[in-house]
Amino acid sequence: MSGLVLAMLSTAACMLAVGPPSTKALIRLICCDIDGTLLTPDHKVTDHTRMVVLRAMSEVPFCPCTGRGRLGAYQALGALGRRLREVQPPGVFLNGLIVYGPGGELLRDMALEDEVSSEVVAFAAEHDDVSLIGFSGDRSLCARRCKWTRFLASAHDPDPEVLGSWQSILSEHRVNKLMLMGEPERMARLRPLLAERLGEAASLVCSGPPEMLEVLPAGASKGAGVQVMLDALGMCPSHVLAIGDAENDVGMLRLAGTSVAMGNAKEEVRRAADHVSAANDADGAAIAIDRHVLQPLGIALGSAYSAYCR
């Protein structure tokens, strides 16, 4: 089979997966996850994805919706993050705990109850093969450095600050969320134990990497944060395109009028979405934005885009 035929078949497969151009309400806002979606597996934004996002930003607001803090999100996105920092779009950070409106207006800032934080600290202390990291706004906090704090730094998150014992950290800092980190198999076994211990006092979520388990205030989620942002904007969910890949994206995908799961997403995430795009190592987010935002506006990206599925 010729290379031309293979390229045509590959392109057709991508088009089938992500769906035809949206025939729903015109998209007026993009809510996009970062890790596993905009970022490749090696934590980079491809030139093509950056080009497509910047073109879309000239037409509709592009809102990062992520488990990261805002500083870490913009750092991870490189040149695209620098542009977002200039524009100051609305956004949802720390899985819905911190929400910004237009021009950087703070709309929500939720923190864990002290009793919940203390219980999680005690749980982590009982399992010395896991590490505990706290998130306070754009800062990440820890009691000691280990391979898991280095893991976060390698993914372009702010390097966790070592601040002594967890008792002193909790007494001196307002903590939005806590994250336990360990080997994937270990985290899978510990999750139901921690869920039973905390009950309805907190919410547990995995933002993608199986090494991570996050503890959020009860009822908090990325989807709930997106709803706060939409309410402030007076925006109906039917006009929203949401793109994501992980468990923490499910609520956002179900809320949006048009939703796209990445090709690297697990089955539960795919089921929550209207469409499935290519994976994050194949410009899946760019494909979704082109198909559901740019094409309905009659915007063609030219020859550079024709190579996206080769």
Among Val226, Ile34, Thr37, the one residue meeting side-chain contact (heavy atoms from CB on, under 4.5 Å) with Cys65: Val226
If hydrophobic clusters are built by linking Ile, Leu, Val, Met, Phe, Trp and Tyr wherever their side-chain heavy atoms come under 4.5 Å apart, do Met179 and Met110 end up in the same one? yes
Using 4.0 Å as the upper bound for N to carboxylate O, is an ion pair formed by Asp290 and Arg55? no
Does either side chain, that of Arg291 or that of His275, offer a donor lying less than 3.5 Å from an acceptor on the other one? no
Could you tell me whether Glu247 and Arg191 have a side-chain N and a carboxylate O separated by less than 4.0 Å? yes
Compute whether any side-chain donor of one residue and acceptor of the other, for Asp281 and Thr40, lie under 3.5 angstrom apart. no
Do Pro90 and Tyr100 come close enough that some side-chain heavy atom pair is under 4.5 Å? no
Tell me, do Cys146 and Met181 make a side-chain contact under 4.5 Å, heavy atoms counted? no
Whether Arg271 and Glu268 form a salt bridge (side-chain N of Lys/Arg under 4.0 Å from carboxylate O of Asp/Glu) is what I want to check. no
Using distance alone, with no hydrogens and no angle criterion, decide if Ser259 and Asp274 have a side-chain donor and acceptor under 3.5 Å apart. yes
Can you see whether Gln75 engages Arg85 through a side-chain donor-acceptor pair at a distance of less than 3.5 angstrom? no
Cluster check Ile289, Met51: I/L/V/M/F/W/Y, side chain < 4.5 angstrom: yes
Under the side-chain contact (heavy atoms from CB on, under 4.5 Å) criterion, do Phe151 and Met212 qualify, and how do the steps go? CA-CA 11 Å; Phe151 176 90; Met212 301 178 178; 3.4 Å; yes
Please tell me if the side chains of Asp33 and Ile243 come closer than 4.5 Å, counting only heavy atoms from C-beta onward. no
With the side chain counted from C-beta on, respond yes when Arg174 and Asp109 share a heavy-atom pair under 4.5 Å apart, and no when they do not. yes
Can you confirm whether the side chains of Ser207 and Asn95 place a donor and an acceptor under 3.5 Å from each other? yes
Does the pair Leu77 and Arg50 meet the rule for a side-chain contact (heavy atoms from CB on, under 4.5 Å), with working shown? CA-CA 9 Å; Leu77 292 173; Arg50 182 172 60 253; over 6 Å; no
Under 4.0 Å between a side-chain nitrogen and a carboxylate oxygen: does that hold for Glu183 and Lys147? yes
Given the rule that I, L, V, M, F, W and Y join up when any side-chain heavy atoms are under 4.5 Å apart, are Leu152 and Phe93 in one cluster? yes
If you define the side chain from C-beta out and look only at heavy atoms, does anything of Arg139 sit under 4.5 Å from Leu163? yes
With heavy-atom distances below 4.5 Å as the criterion, would you say the side chains of Val92 and Val99 are in contact? yes
In the single-linkage hydrophobic clustering (I, L, V, M, F, W, Y; side-chain heavy atoms under 4.5 Å), do Ile30 and Leu38 co-cluster? yes
Dump the intermediate steps for side-chain contact (heavy atoms from CB on, under 4.5 Å) on Leu141 and Ser136, then the final yes or no. CA-CA 8 Å; Leu141 320 171; Ser136 179; 4.1 Å; yes
Between Val240 and Leu255, is there a side-chain heavy-atom distance shorter than 4.5 Å? no
Do Val87 and Met235 share a hydrophobic cluster (ILVMFWY, side-chain heavy atoms under 4.5 Å, transitive)? no
Compute both the distance and the angle, then confirm whether Arg197 meets the cation-pi test with Phe123: under 6.0 Å from the six-membered ring centre, within 45 degrees of the axis. no
Counting C-beta onward and ignoring hydrogens, is there a side-chain heavy-atom pair between Leu97 and Pro217 closer than 4.5 Å? yes
